[in-house]
Peer 1: 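Let me give you the structure first, and then I'll get to my questions.
What you see is a predicted model; the values in this text were computed from it and never measured.
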Amino acid sequence: MARGLSKLQRFILCEARKSGGSMTNRRLLITYYGFEPADRYTRSYKINFDVGQIGRARYNAASVAVVKAFNRLAARGLARRVYNHGIYLTNAGRDMARSILKNVESAPR
């Protein structure tokens with residue numbers, strides 16, 4: 001059922017479903033790519049990254065991949081795109097995430 005979705009897109013759907021139906025650009029850079037926030041103790045909604053430590057090319061490539069994945073999920077009707085924020089799952093997106101998670105849980109180990 002999740003044919004044509006990349007590993008990143010499947011991850012986004014599942015993580016968004018687990019966390020109330022949304023995913024932000026910054027949270028995805030932390031959870032999927034493992035980028036460390038520059039200020040780990042910030043209370044601000046805006047998390048900055050040390051691009052020098054990550055590497056400009058790696059940071060730029062990851063940022064572009066996130067935007068493209070969000071746009072593709074929106075184009076498929078699985079999410080509603082909010083620019084400079086992230087996505088909110090649609091009902092179809094929630095259903096797709098549920099089926100992905102169900103297949104993962106029932107897969108032989």
Side-chain angles (χ1 to χ4, degrees):
M1 187 164 185
R3 292 181 89 152
L5 291 177
S6 69
K7 182 179 174 183
L8 175 58
Q9 291 168 339
R10 289 191 304 269
F11 180 86
I12 292 168
L13 289 173
C14 294
E15 288 299 308
R17 184 174 187 277
K18 290 177 190 175
S19 63
S22 70
M23 174 62 77
T24 65
N25 301 40
R26 289 172 184 86
R27 190 162 51 108
L28 187 57
L29 290 173
I30 293 168
T31 57
Y32 189 79
Y33 290 98
F35 293 174
E36 291 286 328
D39 182 1
R40 301 177 100 189
Y41 303 103
T42 184
R43 291 179 184 249
S44 170
Y45 71 92
K46 188 169 188 154
I47 299 171
N48 296 312
F49 298 100
D50 183 352
V51 178
Q53 180 183 11
I54 295 168
R56 182 157 304 281
R58 183 171 178 240
Y59 177 78
N60 288 342
S63 296
V64 168
V66 167
V67 169
K68 285 184 176 184
F70 284 169
N71 288 341
R72 288 179 179 145
L73 289 172
R76 286 181 148 206
L78 300 174
R80 182 173 52 86
R81 182 82 166 92
V82 177
Y83 292 94
N84 293 324
H85 173 72
I87 57 145
Y88 292 93
L89 296 183
T90 61
N91 288 335
R94 289 177 193 276
D95 292 342
M96 180 68 74
R98 188 179 308 117
S99 72
I100 292 168
L101 289 168
K102 183 178 174 184
N103 288 338
V104 168
E105 291 169 357
S106 66
R109 296 185 191 257

Peer 1: What is the distance from atom OH of Y33 to atom CZ of R58, rounded to the nearest 0.5 Å?
Peer 2: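 These two atoms lie 9.0 Å from each other.
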Peer 1: Write down the atom of F49, the atom of E36, and the distance for their closest heavy-atom approach.
Peer 2: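 Closest pair (atom of F49, atom of E36, distance): CD2-O, 3.5 Å.
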Peer 1: Under a 4.5 Å cut-off applied to non-hydrogen side-chain atoms, are R17 and I100 in contact?
Peer 2: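 No, their side chains stay 4.5 Å or more apart.
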Peer 1: If you measure from CE on M96 to SG on C14, what distance do you get to the nearest 0.5 Å?
Peer 2: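 Between M96 CE and C14 SG, I get 10.5 Å after rounding to 0.5 Å.
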Peer 1: Are F11 and Y88 co-members of a hydrophobic cluster defined by side-chain heavy atoms under 4.5 Å apart?
Peer 2: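 In one cluster: no.
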Peer 1: Indicate yes or no: at least one non-hydrogen side-chain atom of N25 is less than 4.5 angstrom from one of S63.
Peer 2: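 Not touching, per the 4.5 Å side-chain cut-off.
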Peer 1: Between L73 and V82, is there a shared hydrophobic cluster once you connect ILVMFWY residues whose side-chain heavy atoms come closer than 4.5 Å?
Peer 2: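 No, L73 does not connect to V82 through the hydrophobic network.
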Peer 1: Please check this pair: side chain of T90 against backbone of L78, looking for a donor-acceptor N/O pair closer than 3.5 Å.
Peer 2: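 Yes; at least one donor-acceptor contact below 3.5 Å.
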Peer 1: If you look at every heavy atom in A65 and L8, which pair is closest and at what distance?
Peer 2: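 Minimum heavy-atom contact is O-CD2, 3.8 Å.
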Peer 1: To the nearest 0.5 angstrom, please state how far the CD atom of E15 sits from the CZ atom of R10.
Peer 2: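 Nearest 0.5 Å value for the CD-CZ distance: 13.5 Å.
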Peer 1: Quick one: pull up CZ in R94 and CG in L13 and give me the separation to the nearest 0.5 Å.
Peer 2: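 CG of L13 is found 11.0 Å from CZ of R94.
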Peer 1: With rounding to the nearest 0.5 angstrom, report the NZ to CE distance, K18 to M23.
Peer 2: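 Result: 9.5 Å between the selected atoms.
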Peer 1: For the residue pair R27 / S19, report whether a side-chain donor-acceptor contact shorter than 3.5 Å exists.
Peer 2: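 Note: S19 and R27 side chains meet the donor-acceptor criterion.
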Peer 1: Under 4.5 Å between side-chain heavy atoms, hopping through other hydrophobics if needed: is there a path connecting V67 to F35?
Peer 2: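 Different clusters.
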Peer 1: Just so I know, are the side chains of N71 and R81 near enough to count as touching, which here means a heavy-atom distance under 4.5 Å?
Peer 2: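 The answer is yes; the side chains approach within 4.5 Å.
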Peer 1: When rounded to the nearest 0.5 angstrom, what distance separates CZ in F70 from CD1 in I12?
Peer 2: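 The CZ atom of F70 sits 5.0 Å away from the CD1 atom of I12.
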